[in-house]
Amino acid sequence: MTVGVDDLLRLVDALPSVRRAEARDWTSFKVEGKGFGYLWERTRTVGLKQTIAEQQALVAERPEVFEVQFTAGGFGWVVVQLDLIDTEELAELLTEAWLLSAPQELRETHESELLAPGGLLNRT
């Protein structure tokens with residue numbers, strides 16, 4: 001159960017209207033200017049926007065895979081260990097993070113296809 005950095009980036013790039021920005025230590029993911037994720041390639045981790053309830057549930061269920069990053073604006077960001085998650089679960093978390101950040105019109109246009117069985121995995 002491991003997701004490679006290239007696999008993660010393919011999933012991110014399959015999401016509509018996403019822009020990646022490289023910084024010295026991380027790569028940020030934004031949809032229409034709103035951040036929903038960060039990749040730290042050196043540590044093979046990704047931080048993803050979630051609801052606070054989802055953040056707490058993930059960390060409580062599998063603390064070896066997920067850790068609390070921070071909470072802000074009613075959202076709970078979670079750090080995901082890429083070496084301990086499978087592609088399908090990561091695709092689901094990326095989709096949720098994207099949906100929490102995308103403008104309403106963009107969400108409405110793409111939500112049903114992204115949430116369909118296989119959703120994001122069918123786009124890569």
Side-chain angles (χ1 to χ4, degrees):
M1 207 175 358
T2 295
V3 176
V5 169
D6 290 340
D7 297 324
L8 165 70
L9 294 175
R10 267 192 294 280
L11 290 169
V12 169
D13 291 343
L15 290 163
S17 299
V18 169
R19 298 274 188 263
R20 286 198 262 154
E22 303 285 331
R24 192 184 86 200
D25 294 325
W26 67 84
T27 301
S28 64
F29 312 133
K30 295 181 179 183
V31 55
E32 300 292 325
K34 292 186 76 178
F36 68 92
Y38 296 88
L39 166 66
W40 293 274
E41 196 167 342
R42 184 180 54 80
T43 60
R44 296 193 38 77
T45 58
V46 62
L48 296 172
K49 187 179 200 177
Q50 299 292 298
T51 65
I52 291 174
E54 183 69 11
Q55 175 202 53
Q56 292 171 347
L58 289 167
V59 172
E61 183 179 304
R62 294 189 358 245
E64 71 281 3
V65 179
F66 305 103
E67 66 184 77
V68 171
Q69 186 174 19
F70 62 90
T71 57
F75 296 102
W77 288 69
V78 63
V79 175
V80 182
Q81 300 291 325
L82 293 176
D83 291 335
L84 300 174
I85 194 166
D86 65 36
T87 305
E88 186 174 330
E89 185 175 18
L90 183 60
E92 182 181 316
L93 294 171
L94 278 166
T95 298
E96 291 171 9
W98 184 90
L99 288 168
L100 290 171
S101 300
Q104 182 176 351
E105 185 177 313
L106 196 57
R107 270 195 328 268
E108 289 172 355
T109 301
H110 297 283
E111 188 170 17
S112 62
E113 78 181 82
L114 289 172
L115 295 178
L120 182 56
L121 294 173
N122 290 333
R123 301 179 111 223
T124 61

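Atom set for the values below is all heavy atoms of this structure, side chains included, hydrogens, waters and symmetry mates excluded.
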Asks: Between Ser17 and Val31 (side chain of the first, backbone of the second, donor and acceptor by atom type, cut-off under 3.5 Å), is there such a pair?
Replies: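 Not confirmed, Ser17 side chain does not pair with Val31 backbone.
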
Asks: Side-chain heavy atoms under 4.5 angstrom apart, residues restricted to Ile, Leu, Val, Met, Phe, Trp, Tyr: same cluster for Val80 and Leu84?
Replies: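 Val80 clusters together with Leu84.
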
Asks: Between Glu89 and Arg62, is there a side-chain heavy-atom distance shorter than 4.5 Å?
Replies: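 The answer is yes; the side chains approach within 4.5 Å.
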
Asks: For Glu32, does the CD atom sit with more than 12 other heavy atoms under 6.0 Å from it, leaving out its own atoms?
Replies: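 For Glu32, atom CD is crowded (more than 12 foreign heavy atoms under 6.0 Å).
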
Asks: Taking a hydrophobic cluster as the set of Ile, Leu, Val, Met, Phe, Trp and Tyr residues connected by side-chain heavy atoms closer than 4.5 Å, whether directly or through intermediates, do Leu11 and Trp26 fall within one such cluster?
Replies: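 Result: no, two separate clusters.
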
Asks: To the nearest 0.5 Å, how far apart are CD in Glu54 and NZ in Lys49?
Replies: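 Rounded to the nearest 0.5 Å, the CD-NZ separation comes to 14.5 Å.
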
Asks: Could you tell me which non-hydrogen atom of Arg44 sits nearest to which non-hydrogen atom of Gly4, and how far apart they are?
Replies: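 In terms of heavy atoms, the two residues are closest at NH2-CA, 4.1 Å.
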
Asks: Of all heavy-atom pairs between Asp25 and Trp40, which one has the smallest distance, and what is that distance?
Replies: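 Minimum heavy-atom separation between Asp25 and Trp40: O-CD1, 3.4 Å.
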
Asks: Check for a donor-acceptor pair, side chain of Gln55 on one end and backbone N or O of Trp77 on the other, with a separation under 3.5 Å.
Replies: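 Yes: the side chain of Gln55 pairs with the backbone of Trp77.
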
Asks: Could you report the tightest heavy-atom contact between Leu94 and Leu8, atom names first, then the distance?
Replies: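 Taking Leu94 first and Leu8 second, the nearest heavy atoms are CD1-CD1, 3.8 Å.
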
Asks: Cluster question for you: counting only ILVMFWY and a side-chain heavy-atom cut-off of under 4.5 Å, with indirect links fine, are Leu15 and Phe75 together?
Replies: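 No, Leu15 does not connect to Phe75 through the hydrophobic network.
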
Asks: Could you check if a side-chain atom of Leu90 sits within less than 4.5 angstrom of a side-chain atom of Val46, using non-hydrogen atoms only?
Replies: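 Leu90 vs Val46: side chains touch.
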
Asks: How about Leu9 and Arg20: do any of their side-chain heavy atoms sit closer than 4.5 Å?
Replies: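 A side-chain contact under 4.5 Å exists here.
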
Asks: State, with a plain yes or no, whether a side-chain heavy atom of Leu82 is found less than 4.5 Å away from one of Asp7.
Replies: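 Leu82 does not reach Asp7 side chain to side chain.
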
Asks: Testing the 3.5 Å rule here: is there a donor-acceptor pair between the side chains of Thr45 and Gln81?
Replies: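 Thr45 vs Gln81: no donor-acceptor pair found between side chains.
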
Asks: How many angstroms lie between OG1 in Thr95 and CD in Glu113, if you round to the nearest 0.5 Å?
Replies: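 Those atoms lie 10.0 Å apart.
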
Asks: Once rounded to the nearest 0.5 Å, what's the spacing between atom CD of Glu64 and atom CD of Glu61?
Replies: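 Glu64 CD to Glu61 CD: 9.0 Å, rounded to 0.5 Å.
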
Asks: Same cluster or not: are Trp98 and Leu115 linked, directly or through other Ile, Leu, Val, Met, Phe, Trp or Tyr residues, by side-chain heavy atoms under 4.5 angstrom apart?
Replies: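 Yes, Trp98 connects to Leu115 through the hydrophobic network.
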
Asks: Report yes if some heavy atom in the side chain of Glu111 is under 4.5 Å from a heavy atom in the side chain of Leu99; otherwise report no.
Replies: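 A side-chain contact exists here, since the closest heavy-atom pair is under 4.5 Å.
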
Asks: Look only at the side chain of Arg107 and the backbone of Ala102, and say whether a donor-acceptor pair between them is shorter than 3.5 Å.
Replies: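 Pair found, side chain donor or acceptor close to backbone of Ala102.
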
Asks: Does Glu88 CD have over 12 foreign heavy atoms under 6.0 Å away?
Replies: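 Counting other residues, nucleotides and ligands, CD of Glu88 stays at 12 neighbours or fewer.
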
Asks: Are Arg10 and Asp13 ion-paired here, with the side-chain N under 4.0 Å from a carboxylate O?
Replies: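 Salt bridge flag = no for Asp13 with Arg10.
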
Asks: Kindly give the heavy-atom pair with the smallest separation between Gly47 and Gln69, and that separation in Å.
Replies: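 Gly47 and Gln69 have their closest heavy atoms at CA-OE1, 3.6 Å.
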
Asks: Taking all non-hydrogen atoms of both residues, which atom of Gly37 and which atom of Leu48 are closest, and how far apart?
Replies: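 Reported closest heavy-atom pair: CA-CD2, 4.1 Å.
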
Asks: Is there a path of hydrophobic side-chain contacts, each under 4.5 Å between heavy atoms, that joins Leu93 and Phe70?
Replies: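 Leu93 does not cluster with Phe70.
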
Asks: Closest approach of Gly35 and Ser101, non-hydrogen atoms and distance?
Replies: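 Smallest interatomic distance, heavy atoms only, reads O-OG, 3.2 Å.
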
